[in-house]
2 protein chains.
Amino acid sequence: VARTASFDRDVVLDALMTTFWTHGFEATSLDALERATGLKRQSLYNAFGDKEAMFLASLAAYGEQVGRPLQALLANDDPRQALQAYLEGHLKILSDADKPAGCLFATCSSELGARDDRLGSQMRVETQASLDALNVIFRRWADQGNLSAEMKPETFAALLTAMVRGIALLARSINDPDILENAVDGALQVLQPSIHVK
Amino acid sequence: VARTASFDRDVVLDALMTTFWTHGFEATSLDALERATGLKRQSLYNAFGDKEAMFLASLAAYGEQVGRPLQALLANDDPRQALQAYLEGHLKILSDADKPAGCLFATCSSELGARDDRLGSQMRVETQASLDALNVIFRRWADQGNLSAEMKPETFAALLTAMVRGIALLARSINDPDILENAVDGALQVLQPSIHVK
């Protein structure tokens, strides 16, 4: 007889995600995942698979809840407003005292991205996919005459990605919100001259 | 009778540093440290202390060998040349196929910087110290009229720190050297207008 899961999968997944976001992959113990979810490991295994599978499910949930809405902010018709919303959206999440420090994706791509295994491969694929998505957006800006002729779309994509990941990384090791605000203000200040609004 | 260490401490420390640089703190096993150094754990404990102590010694060695020389590149009298040398210096290390991917400090401040323990505290102290050092340099640039009036020294310091850490983070999860070059070129391109050379 198949057992019926007696818990809300989304609530449990949220607790798993928050635990990995707090500690990273390696430092997250099965004990911590049990405590966060209130479930025994066998129930977690049955529902999600092993620790790697729980992590990958958390990463996907983070993409849905955090990554995708942030990227959607770049869809604004006015590219200056889009860029401002995108950077300020990052600042808002990174400053949210109810969330773990930093960005799950930045933290774990740094921790796992150089590994020669399934997790490393997944982090590399997702990093490239997120760069590709920005490339598409900024090529469109360039085609519309919204990107300065001296700024190549792929340069802008790599630079903006490095900036938001770097700001997320600072948020992991700096408690001072002024420093994050400075970094975001500075990013806006130096990037805006590359954007032309007609 | 005190035992005499029969190994070159600097060579062993270099092997420890390279191992932590490759894997981060948590994913570095004592087995890996033994393999990298050719020493048994008891010899390592006698010479350095426990794994945390080996990590902190590695971090200090990394600061000497990598962090300090990079920061010294900002001392050039011409601030545009200084900034270019600083960013290209990061690119050179991050592109060095003989070194582990990324930056030990960026990787481990992301992994450990939010922890409520001795390691977390050390990463926060060092992150703040490196920001403070850049603040001093850029305040001098501002006093000398080398920084645009619209660019606050602390904004420039936070932004540049986020950029180089973010580029280091990309180097961990992207194998394509063109993307790192794009990010560094873009950083130079958007930062240089804030620097005035008289």
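Every value quoted in this text rests on a predicted model; they were computed, and no experiment measured them. Every chain is numbered from 1, with letters handed out A, B, ... down the list of sequences.
- Contact check for A/Ile174 versus B/Arg124: no side-chain heavy atoms found under the 4.5 Å cut-off.
- Follow the hydrophobic side-chain contacts under 4.5 Å out from A/Phe105 and you never reach B/Leu169; the two are in separate clusters.
- The interface of residues 24-37 of chain A with chain B, defined by heavy-atom distances below 4.5 Å, comprises A/Glu26, A/Ala27.
- Taking CZ of A/Arg172 as the reference point, atom OG1 of B/Thr127 lies at 12.0 Å (rounded to 0.5 Å).
- A/Trp141 and A/Val197 fall within a single hydrophobic cluster, where Ile, Leu, Val, Met, Phe, Trp and Tyr are joined by side-chain heavy atoms under 4.5 Å apart, directly or via other members.
- Criterion: ILVMFWY side-chain heavy atoms under 4.5 Å apart, direct or through other members. Under it, B/Phe7 and B/Tyr45 are part of a common hydrophobic cluster.
- With rounding to the nearest 0.5 angstrom, the OG atom of B/Ser173 is 12.5 Å from the CD atom of A/Glu111.
- Cluster annotation: B/Phe55 and B/Val125 are assigned to distinct hydrophobic clusters (Ile/Leu/Val/Met/Phe/Trp/Tyr, side-chain heavy-atom contacts under 4.5 Å, transitive).
- Heavy-atom contacts from other residues, nucleotides or ligands closer than 6.0 Å to CG of B/Asp116 number 12 or fewer.
- Interface residue B/Ala187: backbone and side-chain heavy atoms are both found under 4.5 Å from chain A.
- For the atom pair A/Met163 CE and B/Leu159 CG, the distance stands at 5.0 Å (nearest 0.5 Å).
- Between chain A and the residues B/Ala158, B/Gly113, B/Ala162, the largest count of heavy-atom pairs under 4.5 Å involves B/Ala162.
- Using a 4.5 Å cut-off between heavy atoms, A/Glu150 touches chain B through backbone and side chain atoms alike.
- Here B/Ser109 is the residue among B/Ala171, B/Gly102, B/Ser109, B/Ala101 with the most heavy-atom pairs under 4.5 Å with chain A.
- Looking at A/Asn175, the atoms closer than 4.5 Å to chain B (heavy atoms on both sides) all sit in the side chain, from C-beta outward.
- Looking at A/Gln189, only its side chain comes within 4.5 Å of chain B, counting heavy atoms on both sides.
- Heavy-atom distances place the side chain of A/Leu131, and not its backbone, under 4.5 Å from chain B.
- In the displayed structure, A/Asp8 atom CG is contacted under 6.0 Å by more than 12 heavy atoms of other residues, nucleotides or ligands.
- Residue contact with chain A, scored on non-hydrogen atoms closer than 4.5 Å, involves the side chain of B/Ser194 exclusively.
- Here the side chains of B/Ile179 and A/Gln128 are in contact, with some heavy-atom distance below 4.5 Å.
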Full working for side-chain contact (heavy atoms from CB on, under 4.5 Å) between B/Met151 and A/Val190
CA-CA 9 Å; B/Met151 179 56 79; A/Val190 302; 3.6 Å; yes
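- Residue B/Thr161 forms a side chain to side chain contact (heavy atoms under 4.5 Å, CB included) with just one option from A/Leu170, A/Ile167, A/Asn182, and that option is A/Leu170.
- Looking only at heavy-atom pairs under 4.5 Å with chain A, the residue among B/Ala183, B/Ser110, B/Pro193, B/Cys103 that has the most is B/Ser110.
- The environment of CG in B/Asp96 is crowded: more than 12 heavy-atom neighbours from other residues, nucleotides or ligands sit within 6.0 Å.
- Scored by the ring-ring contact (aromatic ring centres under 6.0 Å, His included) test, B/Phe48 finds no partners at all (sequence neighbours excluded).
- With a 4.5 Å cut-off on non-hydrogen atoms, A/Ala157 does not touch chain B at all.
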